[in-house]
Amino acid sequence: MTTWAITELGPGDWQAVADAGHLTDAILGRGAFTVEQVLEDLRNGNLLFLTANAGKPPVLVGVATARVLDDDGYREFIAPMPPGTLPAALPSASGRRIGRLHTSAVTAAMRGRGLGSALAAHRTEWLRERCSEAYAISWLHYRQGRSEGLLRALGWQPVTILHDYWLQVTTTGDQSCPQCGCLCHCPGLLLRLPIPELGHPPGQPAKWSEWSERISYLPV
């Protein structure tokens, strides 16, 4: 049985973040994040950055992140979506604390062994503890390696399919797609994590915000 060790990085782990960047670039395409931005977000406490190592000596086999979005981050997150997919009101104006399940990269040799599920579970719990709502986008280009199955098992609910979500960032050259290259036309599945209101009695349905109640979920 393959075992691994998951580590939560901090603002002093410059080399580990840089190594993680090389791995994500190789698996996900160029531009998933910059070391400088990651270290700043870690200092601010708005980012969870996980690495997974396996073997002796330890070899980096997985990277995963989740974050609490500030106004700029939320604006960037919803910009490629059709108008009305999510509310335009920024977190600072609406009082919402919005989280995003972000980067996830696992080496080919470690896929199908439970590492992706472990990383997703860790990040999902982190978001539940900090946010009033959270979202993820699952890449849908091909079935092998898709994340929506394990996310549904953790309670994430599909909302809608987003077409050409990554087209703009790959057009400008800020990012690249491992499948399409410079112009990404891959669809993505938007998922939402239901998070009961803080202090809501267990066993009763939470009263979400007015907008949350208007979201039409895709059939499971």
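The line from OG1 of T160 to CZ of R192 is 14.5 Å long, rounded to the nearest 0.5 Å. Expressed to the nearest 0.5 Å, how far CD1 of I6 lies from NE2 of H122 amounts to 7.5 Å. Considering SG of C131 and CG of L69, their distance stands at 8.0 Å, rounded to 0.5 Å. Considering CG of L9 and CD of Q15, their distance stands at 11.5 Å, rounded to 0.5 Å. Within the model, atoms CG of L190 and CH2 of W156 stand 9.5 Å from one another, a figure rounded to the nearest 0.5 Å. Distance check, rounded to the nearest 0.5 Å: OG1 of T124 to CG of L101 gives 5.5 Å.
In this structure, the side chains of L23 and D19 stay at 4.5 Å or more apart for every pair of heavy atoms. Counting only heavy atoms from C-beta outward, the side chains of S138 and L191 approach each other to under 4.5 Å. Counting heavy atoms from C-beta on, the side chains of L127 and Y135 never come closer than 4.5 Å. L48 has its side chain out of reach of R130: every pair of non-hydrogen atoms, C-beta onward, lies at least 4.5 Å apart.
Annotation: ring-ring contact (aromatic ring centres under 6.0 Å, His included) contacts involving residues 50-105, sequence neighbours excluded, are absent.
Here the closest heavy-atom approach between residue I98 and residue P91 is recorded as CD1-CG, 3.8 Å. Across all their heavy atoms, T24 and F33 have their closest contact at OG1-CE2, 3.5 Å. Listed here is the closest heavy atom pair of S94 and A89: CB-CB, 4.1 Å. The nearest pair of heavy atoms linking A120 to L150 is CB-CD1, 3.3 Å. Residues N53 and T51 share a closest heavy-atom pair of ND2-OG1, 4.0 Å. Here the shortest heavy-atom pairing between L39 and P11 reads CD2-O, 3.6 Å.
Panel note: side chain R111, backbone V106; a donor-acceptor pair is recorded below 3.5 Å. A donor-acceptor distance shorter than 3.5 angstrom exists from the side chain of T65 to the backbone of T103, with no hydrogens or angles considered. Under a 3.5 Å cut-off, the side chain of S104 and the backbone N or O of A64 do not form any donor-acceptor pair. Although no hydrogens or angles enter the test, the distance criterion places no donor-acceptor pair under 3.5 Å between the side chain of R75 and the main chain of L90. For D13 (side chain) and G10 (main-chain N/O), a donor-acceptor pair under 3.5 Å exists by modelled atom type.
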Going through the checks in order, is the side chain to side chain contact (heavy atoms under 4.5 Å, CB included) test met by V68 and W126? CA-CA 10 Å; V68 179; W126 187 86; 4.0 Å; yes
Checking L189 against L151 for the side chain to side chain contact (heavy atoms under 4.5 Å, CB included) test, could you report, in this order, the C-alpha distance in whole Å, the side-chain angles of both residues, the deciding distance, and whether it holds? CA-CA 11 Å; L189 176 64; L151 293 180; over 6 Å; no
**OP:** Let me see the working for I137 and R100 under side chain to side chain contact (heavy atoms under 4.5 Å, CB included), right down to the final yes or no.
**Re:** CA-CA 9 Å; I137 300 178; R100 180 183 180 186; 4.3 Å; yes
- Message: Determine whether L42 and V38 satisfy the following criterion, side chain to side chain contact (heavy atoms under 4.5 Å, CB included), listing intermediate values before the conclusion.
- Response: CA-CA 6 Å; L42 288 172; V38 165; 3.8 Å; yes
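Applying the salt bridge (Lys or Arg N to Asp or Glu O under 4.0 Å) rule to R67 yields the partners D41; only residues at least two apart in sequence or on another chain are considered. By the salt bridge (Lys or Arg N to Asp or Glu O under 4.0 Å) test, R128 is found to be paired with no residue, residues two or more places apart in sequence or in another chain being considered.
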